[in-house]
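FYI, side chains are in, hydrogens and waters are out, and symmetry mates aren't considered; it's all heavy atoms of this structure.
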Amino acid sequence: MLLPLCLWLGAQQNGPDAAPAPFRETGHAALPGLATTCGGAEKDYILEVNGGGLLLGDFDSDGDADLVVIDGSTLERARAGEAGEPPRLRLNRGDGTFEAAGEVWTMAPGRWGMGGAVGDVDGDGHPDVFVTEWGPDRLFLNESGSGFEEVTETAGLRGKRWGTSAAFLDYDKDGFLDLAVVNYLAFREEDVAHREEGECIWKGMPVMCGPEGLTPVHDQLYRGKGDGGFEDVSVAAGFRPREAGYGLGVVTLDYDADGDTDLYVTNDSTANHLWQNEGDGTFAEVGMRRGVDRDPNGKEQAGMGIAAGDLNGDGIDDLFVTNFSQEANALYVSRRRGYRDGGDVARLGGHSLRYLGWGTAMEDFDLDGDLDLAVFNGHVYPQADTPGTDTAYAQPDFLYRNDGAGRFAALPLTDVGPTVARACAAGDLDGDGRPDLVAIELGGAVRVLRNAMEAERHWLAVELRGAGANTFALGARVTAEWEGGARTAEIRTAGGFQSAVLPRAHFGLGGAAKVERLTVRWPSGEEQVLTDVAVDRVLVFEEESR
């Protein structure tokens with residue numbers, strides 16, 4: 001029997017003499033019985049392909065990372081007008097295992113959940129939840145850490161498209177959170193060919209149709225009015241390209257270091273968008289000008305997940321994008337007011353060609369002072385398991401470990417073997433200072449991957465408390481300097497694919513026993529400095545005017 005190529009390679013890398021995997025799968029104990037739904041097994045329509053989302057946040061304000069799982073539905077339910085599976089909150093016990101939240105945390109089901117965003121919308125110091133859907137998007141306010149209340153109608157959110165990823169930000173620097181929603185395409189079952197009709201062929205086999213041939217949908221920008229409500233300013237703010245993309249991923253960043261928040265959006269089979277904040281309440285799309293919209297040959301790629309971080313130490317976030325199989329994952333390395341493709345030099349491009357990437361995270365997983373990458377893979381066609389395709393539906397996931405010089409070595413993330421993975425989110429789940437991972441297996445379990453890399457290394461995590469309504473200081477930048485290293489990190493909750501992360505800057509410090517200088521540039525532009533900062537802890541830093 002011949003194994004598909006990627007399965008064979010995964011088996012070789014996990015042979016009897018292989019080093020222990022850097023992460024340990026603990027989902028069976030940490031989230032027992034928790035699984036997601038996304039259509040049927042055959043994937044007759046593109047609606048059944050993307051899976052759900054994962055939102056990390058300290059929702060009960062006890063200091064631990066809790067988890068909201070955004071779940072989907074089936075076509076049978078949708079045809080009958082029935083709701084899908086509800087979003088579910090799991091509260092962290094403090095050790096990286098989770099329990100179901102009580103009834104006060106219940107969120108009603110929507111049409112078909114996809115992903116979402118986390119941010120403090122009403123400025124009360126507690127993270128709220130925005131859920132993207134195939135159907136009306138929804139907003140849930142956190143009632144002082146004791147439960148959720150849906151406020152979609154009164155908030156003025158009118159998203160009824162196919163939303164995928166989303167990001168909270170304060171783009172106009174008025175102190176109130178705004179919201180960017182990434183949309184995919186216009187889908188109505190009656191307008192799209194069924195897989196068995198044979199209109200869409202891949203390697204000689206009929207497969208589900210899309211996204212090419214279907215209608216992309218424009219993304220949306222909502223301005224926070226300061227009273228808990230939002231207004232759609234997509235057109236007025238220039239957040240409307242000449243041609244819409246099939247939007248999948250989004251991250252906030254200040255790529256041009258001018259003190260305001262920009263946005264980068266990954267699009268499936270269309271050019272990616274870099275939205276430059278003009279500082280006057282409007283945006284300009286500059287992806288082509290800055291070198292982040294296509295591959296080095298000018299070809300549009302199928303961008304899925306997005307990760308951002310300061311890889312080269314220049315204080316500007318570099319961008320990593322996961323792409324379709326036979327399209328190399330992209331690493332856009334920052335340079336003066338733009339980017340260059342550095343995937344091949346970093347040894348990331350060639351290795352990824354045989355895989356189809358989705359969720360991704362950029363963190364210092366081994367605490368050695370530089371950033372590593374985690375990538376979750378899985379094909380879109382179950383038919384990929386057919387002999388002769390040179391690929392497979394289930395695929396291995398990888399840790400790309402940074403050697404300190406900007407080159408990466410690929411290691412299997414765990415010893416579990418290939419899965420059909422989708423969304424992921426990184427964060428320290430058990431309080432040991434090492435970033436862990438949660439991920440979704442399409443139509444399967446929610447995975448918890450505990451960081452198992454043993455090392456006597458130091459770390460520091462920084463959380464901010466802003467003086468105004470932007471209580472978690474989204475958009476602030478934190479620079480840590482220690483003996484032998486320095487790095488800048490932005491406070492954000494957006495990233496990955498249909499996911500949200502903790503508003504926290506995490507630094508691996510190697511052998512350094514203190515941070516010599518810690519600089520915080522608040523969203524207002526004001527700076528505060530601490531010196532000789534103790535490490536191996538979470539530092540909560542309050543803005544001076546508090």
Side-chain angles (χ1 to χ4, degrees), residues 56 115 117-118 165-169 171 180 182 247-258 260-267 272-277 286-287 290-293 303-323 329-335 337-343 346 348 357-365 370-376 400 402 406 408 423-427 435 437 462 473-480 487-508 521:
L56 289 176
V118 173
S165 297
F168 281 110
L169 69 161
Y171 78 88
V182 174
L248 286 177
V250 63
V251 71
T252 57
L253 73 162
D254 183 8
Y255 93 93
D256 51 3
D258 64 351
D260 50 36
T261 301
D262 312 303
L263 287 160
Y264 183 61
V265 176
T266 55
N267 293 314
N272 298 328
H273 293 146
L274 177 59
W275 290 102
Q276 178 177 292
N277 191 330
V286 297
R290 304 307 182 205
V292 293
D293 65 328
M304 310 292 184
I306 170 69
D310 182 15
L311 279 169
N312 58 4
D314 65 354
I316 304 297
D317 283 326
D318 307 293
L319 298 166
F320 178 77
V321 179
T322 58
N323 289 310
N329 291 342
L331 176 65
Y332 299 111
V333 180
S334 61
R335 59 181 181 181
R337 291 186 63 80
Y339 291 86
R340 60 178 173 81
D341 190 291
L348 291 168
W358 292 88
T360 183
M362 189 185 298
E363 295 282 352
D364 187 357
F365 291 107
D370 51 48
L371 293 172
D372 311 299
L373 287 160
V375 176
F376 289 82
Y400 293 93
N402 195 330
F408 294 83
C424 81
L437 292 159
V462 180
L474 300 188
R477 297 180 66 76
V478 182
T479 301
R487 187 163 61 82
T488 299
E490 177 171 313
I491 301 296
R492 60 167 68 93
T493 59
F497 166 72
Q498 297 188 167
S499 296
V501 296
L502 298 170
R504 176 182 288 183
H506 182 276
F507 302 96
R521 189 193 75 186

Side-chain touch L169/L263, heavy atoms, less than 4.5 angstrom = yes
Taking 4.0 angstrom as the limit, do D317 and R492 come out as a salt bridge?
-> yes
Where do T261 and G475 come nearest, in terms of heavy atoms and distance?
-> OG1-CA, 4.1 Å
Donor-acceptor pair, side chain of S499 and main chain of C424, under 3.5 angstrom = yes
Can you see which heavy atom on A426 is nearest to which on E363, and at what distance?
-> CB-CG, 4.0 Å
Any residue meeting side-chain hydrogen bond (donor to acceptor under 3.5 Å, both in side chains) with R487, in chain and number order, not counting sequence neighbours | none
With a 4.5 Å limit on heavy-atom distance, are the side chains of V375 and T360 in contact?
-> yes
Are the side chain of S165 and the backbone N or O of F497 linked by a donor-acceptor pair below 3.5 Å?
-> no
Side chains of I491 and V478: does their closest heavy-atom pair fall under 4.5 Å?
-> yes
Looking at residues at least two apart in the chain, or sitting in another chain, which of them share a side-chain hydrogen bond (donor to acceptor under 3.5 Å, both in side chains) with Y332?
-> none
For P503 and L474, which heavy atoms make the closest approach, and how far apart are they?
-> CB-CD2, 4.1 Å
Between I316 and D254, the two heavy atoms sitting closest are CD1-O, 4.1 Å
Listed by chain and number, what are the side-chain hydrogen bond (donor to acceptor under 3.5 Å, both in side chains) partners of D318, not counting sequence neighbours?
-> S334
Sequence neighbours excluded, which residues qualify as side-chain hydrogen bond (donor to acceptor under 3.5 Å, both in side chains) partners of H506?
-> none
To the nearest 0.5 angstrom, please state how far the CG atom of N267 sits from the NE2 atom of H273.
-> 5.0 Å
Determine whether L331 and Y400 make a side-chain contact, defined as any pair of heavy atoms from C-beta on separated by less than 4.5 Å.
-> no
Can any side-chain N or O of T488 pair as donor or acceptor with the backbone N or O of T479 at less than 3.5 Å?
-> no
By salt bridge (Lys or Arg N to Asp or Glu O under 4.0 Å) - contacts of D310 (at least two apart) | none
How long is the gap from OH on Y339 to CG on D293, to the nearest 0.5 Å?
-> 13.5 Å
Y255 side chain vs R290 backbone, donor-acceptor pair below 3.5 Å = no
N329 side chain vs L348 backbone, donor-acceptor pair below 3.5 Å | no
Taking C-beta and beyond as the side chain, do F507 and D364 meet within less than 4.5 Å on heavy atoms?
-> no
With no hydrogens and no angle check, is any side-chain donor or acceptor of D262 less than 3.5 Å from a backbone partner on N277?
-> yes
4.5 Å side-chain heavy-atom contact, F376 and T322 | no
Pairwise distance CG(D260) to OG1(T252) - rounded to 0.5 angstrom | 12.0 Å
Looking at A167 and A494, what are the two nearest heavy atoms and their distance?
-> CB-CB, 3.5 Å
Closest heavy-atom pair and its distance - A308, L319 = CB-CD2, 3.9 Å
Would you give the length of the straight line joining atom CG of L311 to atom CZ of F320, rounded to the nearest 0.5 angstrom?
-> 10.0 Å
Does R340 have any side-chain contact (heavy atoms from CB on, under 4.5 Å) partners at least two apart in sequence or in another chain, and if so, which?
-> V333, R335
